[in-house]
Each structure stands twice: as structure tokens, then as C-alpha cells.
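Along the sequence shown, residues carry numbers from 1. Every number for a ligand or one of its atoms is a count from 1 in the order of the listing.
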Amino acid sequence: MKGSFITFEGIDGSGKTTQLKKLAESLERAGRDCLLTCEPGGTPLGREIRKAFLETKQDVEPLAELLLFAADRAQHVKHLILPALAAGRIVISDRYADATTAYQGAGRGFDLELIKSVIAIATDGLKPNLTLFFDIDPESAVDRMAFRGEHKKNRMDLESLDFYRRVREGYLNIAAAEPERFRVIDANRSVDEIAEETLDIVTEHLKSV
Ligand code: ADP
Ligand code: TYD
């Protein structure tokens, strides 16, 4: 594999999408070729899957949710991420497999071994080279989401504070287990301060690629 695969993670409202755009602008100014993508919904099929279960008023079975995120990911890996990496591009994804460990594992309570197997099948073993976790307390994230407005709400945005506390713990457990790949960034700061640290970490990482 050439290129580098970088993922952004965080609970909803942590500010990761804002940071992803700022990072991409900086990297592109520096002449780097980046592919920006996201999960769920990085491919046309993925966008249909995302709509079907995130933008629905139906009661979605947790196992169905787990498998639909996996289906979205399988398509994303094979159709978009792997070809871009093979072409030597930097792929930056707004969420990837760690979101399943945090949301479906820690948040919904699925067994972590089952989660690992589902992720392994969906990704065919593809792991990010670097993951940035934008860490914020759930109360502040919920305030930010409220500010973002009603129109962007999906089913997950309507979860309880307790759910987001568990998801955050899930992410912090990954950070403890994989400190080399998984970097924690304090997201309770200004957009510019966070963007500066993000760019520093990514620039350092790209030197080693
Ligand atoms: P996410 O992609 O993690 O859900 P967004 O980047 O969409 O988060 O940000 C959620 C909301 O918070 C948006 O309205 C955004 O403008 C705002 N926001 C992002 N970063 C910050 C920050 N550092 N401080 C205050 N508000 C922020
Ligand atoms: P979306 O609006 O696409 O993303 P964001 O809030 O990051 O802008 O919402 C996606 C939701 O799906 C978000 O709440 C996180 C959740 N999710 C999972 O529960 N498991 C997963 O594997 C992924 C990729 C996302």
C-alpha cells in the first residue's frame, strides 16, 4: 500500500468535520493530494444505506444497524479507499471502523469480540495509519449540536447524554490500547488552536510515510 490512511473520530458535535476541512485546505496549500471522504455515506451505495437507516423514523434493530454500518464500510474500502491509497493519495475519512467499536460496542453494548469480527470482515483488515480523536465532554458536544440546528439531526443525534458518555469511554479505551495510531486531541478549544495541533500531528506523520 502506498499513500496514507488517516481517520477522524469523535462523538457527534466534537468538531471533527470542521477540522477535517481545515486540515485538507492546509495540506492542499502545501501541494498534497488528498481524498476527503466519510462514513457512513462515502460512496453512492453508502449514501443510500445511510439514508435508509439513519434518516428514518422506523425502529432500527441494533444488529441491523451494526451490519448496515459494516456494509457501508465494505463498499467504501473496496471502491474508494483502497484504489486511492494504491494511487499514492492521502485518504482522510470522517469516521471509520473505530466508530463501530465506540458506538455499537461501548454505546449499544455489543460484545467486543463480535464487533472485531464484523470490522475485520468489512475492512478486509485495512487499518488507518493514523487516527485523530477529537475529545470533548458530551455536554459541550450536545450544546454545539443544538447550535448547529434542527435540520442536521439524524437518529444518532437524538441519543442520550449517557449514550455519548459511553461512546467517549469507548474511544478512550482504544486510545489506551493503541497509543501509536490513535491520538487524542483536546477539542474543547478554539477552532484555530485545534487546527494547529491537528496539522502538526499530521505533518509529522506524513514525514514518516
Ligand atoms: P462533528 O462533525 O464532529 O459532528 P462539526 O464540525 O459539524 O462536528 O461541528 C459541530 C458544530 O460545532 C458546528 O456548528 C461547528 O461550527 C461548531 N464547532 C466546531 N468546532 C468548534 C469549536 N472548536 N468551538 C466551538 N464550536 C465549534
Ligand atoms: P453523520 O451525520 O453521518 O455524521 P456526523 O455526526 O459525524 O457528522 O452521522 C453518522 C452517525 O452514525 C453518527 O452519530 C455516528 C454513527 N456511527 C455509528 O454509530 N457507527 C459507525 O460505525 C459509524 C461510521 C457511524
Side-chain angles (χ1 to χ4, degrees), residues 7-25 36-43 46-56 60-77 81 92-110 112 114-116 118-123 128 131-161 163-164 166-168 170-171 174 185-198:
T7 59
F8 277 30
E9 298 285 353
I11 61 173
D12 301 65
S14 59
K16 65 189 159 32
T17 308
T18 304
Q19 292 301 326
L20 188 139
K21 288 182 190 146
K22 286 190 81 77
L23 174 69
E25 280 164 18
L36 302 188
T37 184
C38 65
E39 284 193 11
T43 62
R47 283 189 277 285
E48 289 184 35
I49 296 173
R50 181 189 183 285
K51 228 171 147 183
F53 78 108
L54 274 185
E55 296 174 18
T56 182
V60 179
E61 185 56 34
L63 179 60
E65 178 189 89
L66 171 67
L67 297 174
L68 287 165
F69 279 118
D72 168 73
R73 184 162 304 132
Q75 183 80 0
H76 193 206
V77 167
I81 301 174
I92 310 177
S93 185
D94 193 340
R95 298 191 186 284
Y96 183 64
D98 295 312
T100 295
T101 307
Y103 280 77
Q104 279 64 52
R108 299 264 188 252
F110 275 102
L112 286 181
L114 169 72
I115 294 275
K116 268 191 199 160
V118 171
I119 290 174
I121 293 167
T123 62
T131 297
L132 303 183
F133 171 56
F134 294 87
D135 187 29
I136 191 170
D137 62 282
E139 287 82 357
S140 308
V142 165
D143 285 350
R144 283 185 189 175
M145 278 191 282
F147 189 74
R148 180 165 78 177
E150 202 66 30
H151 66 285
K152 255 215 82 182
K153 274 205 172 134
N154 64 46
R155 220 164 37 77
M156 302 301 253
D157 289 336
L158 302 174
E159 290 291 344
S160 67
L161 263 181
F163 176 79
Y164 285 111
R166 290 197 300 278
V167 173
R168 175 171 181 243
Y171 277 126
I174 304 172
I185 293 181
D186 175 6
N188 268 308
R189 294 177 292 164
S190 74
V191 169
D192 286 346
E193 279 173 302
I194 303 166
E196 197 181 319
E197 187 182 351
T198 301

When rounded to the nearest 0.5 angstrom, what is the spacing between CZ in Arg189 and CZ in Phe134? 9.5 Å
So for ligand 1, is Ala187 a polar contact partner (N or O within less than 3.5 Å, distance only)? no
Measure Ile194 to ligand 1 on non-hydrogen atoms and call it side chain, backbone, both or neither using the 4.0 Å cut-off. side chain
State whether the number of non-hydrogen atoms from other residues, nucleotides or ligands found under 6.0 Å of Glu196 atom CD is greater than 12. no
Any donor-acceptor N or O pair under 3.5 Å, side chains Asp143, Ser140: no
Pull out every atom of ligand 1 sitting under 4.0 Å from any heavy atom of Gly15, numbered as shown with elements. 1 (P), 3 (O), 5 (P), 6 (O), 8 (O), 9 (O), 19 (C), 20 (N)
Spacing of CD1 belonging to Ile185 relative to CG belonging to Leu132, to within rounding of 0.5 Å: 4.5 Å
Contact atoms of ligand 2, heavy-atom distance to Thr100 under 4.0 Å: 21 (C), 22 (O)
So the atoms of ligand 2 within less than 4.0 Å of a heavy atom of Asp12 turn out to be 6 (O), 13 (C), 14 (O)
Can we say Glu159 and Arg108 salt-bridge, meaning some charged N sits less than 4.0 Å from an Asp/Glu carboxylate O? yes
For ligand 1, which atoms, with element, lie under 4.0 Å from some heavy atom of Thr17? 1 (P), 2 (O), 6 (O)
Shortest heavy-atom approach to atom 4 (O) of ligand 2 - which of Arg73, Glu159, Arg95, Arg108: Arg95
Heteroatom proximity flag, Glu39 to ligand 2, N/O under 3.5 Å: no
Nearest 0.5 angstrom please: Glu39 CD to Tyr96 OH, how far? 6.5 Å
Taking the side chain as every heavy atom from C-beta outward, state whether Asp192 and Lys22 have any pair of such atoms under 4.5 Å apart. yes
Assess, by modelled atom type and distance only, whether the side chains of Asp12 and Tyr103 contain a donor and an acceptor separated by less than 3.5 Å. yes
Check this for me - ligand 2, Gln104, N or O atoms closer than 3.5 angstrom, yes or no? yes
Within a distance under 4.0 Å of any heavy atom of Lys16, pick out the atoms of ligand 2 and give their elements. 5 (P), 7 (O)
When you measure from the side chain of Gln104 to the backbone N and O of Leu66, does any donor-acceptor pair fall under 3.5 Å? no
Using a 4.0 Å heavy-atom cut-off, which part of Glu65 comes near ligand 2: side chain, backbone, both, or neither? neither
Centroid separation under 6.0 Å, is that true for the rings of Phe53 and Phe69? yes
Contacting atoms of ligand 1, where contact means under 4.0 angstrom from a heavy atom of Ser190: 23 (N)
Sub-4.0 Å heavy-atom approach of Gly10 to ligand 1: no
Please work out whether any backbone atom (N, CA, C, O) or any side-chain heavy atom from C-beta onward of Asp72 is under 4.0 Å from ligand 2, and answer side chain, backbone, both or neither. neither
May I ask you to identify, for Arg189, whether its side chain, its backbone, both or neither come under 4.0 Å of ligand 1 on a heavy-atom basis? backbone
Only heavy atoms count here, so choose which of Asp192, Thr18, Val191, Leu20 is nearest to atom 21 (C) of ligand 1. Val191
If we only count heavy atoms from C-beta on, is the Pro40 to Ile49 side-chain gap below 4.5 Å? no
N or O pair under 3.5 Å between Tyr96 and ligand 2: no
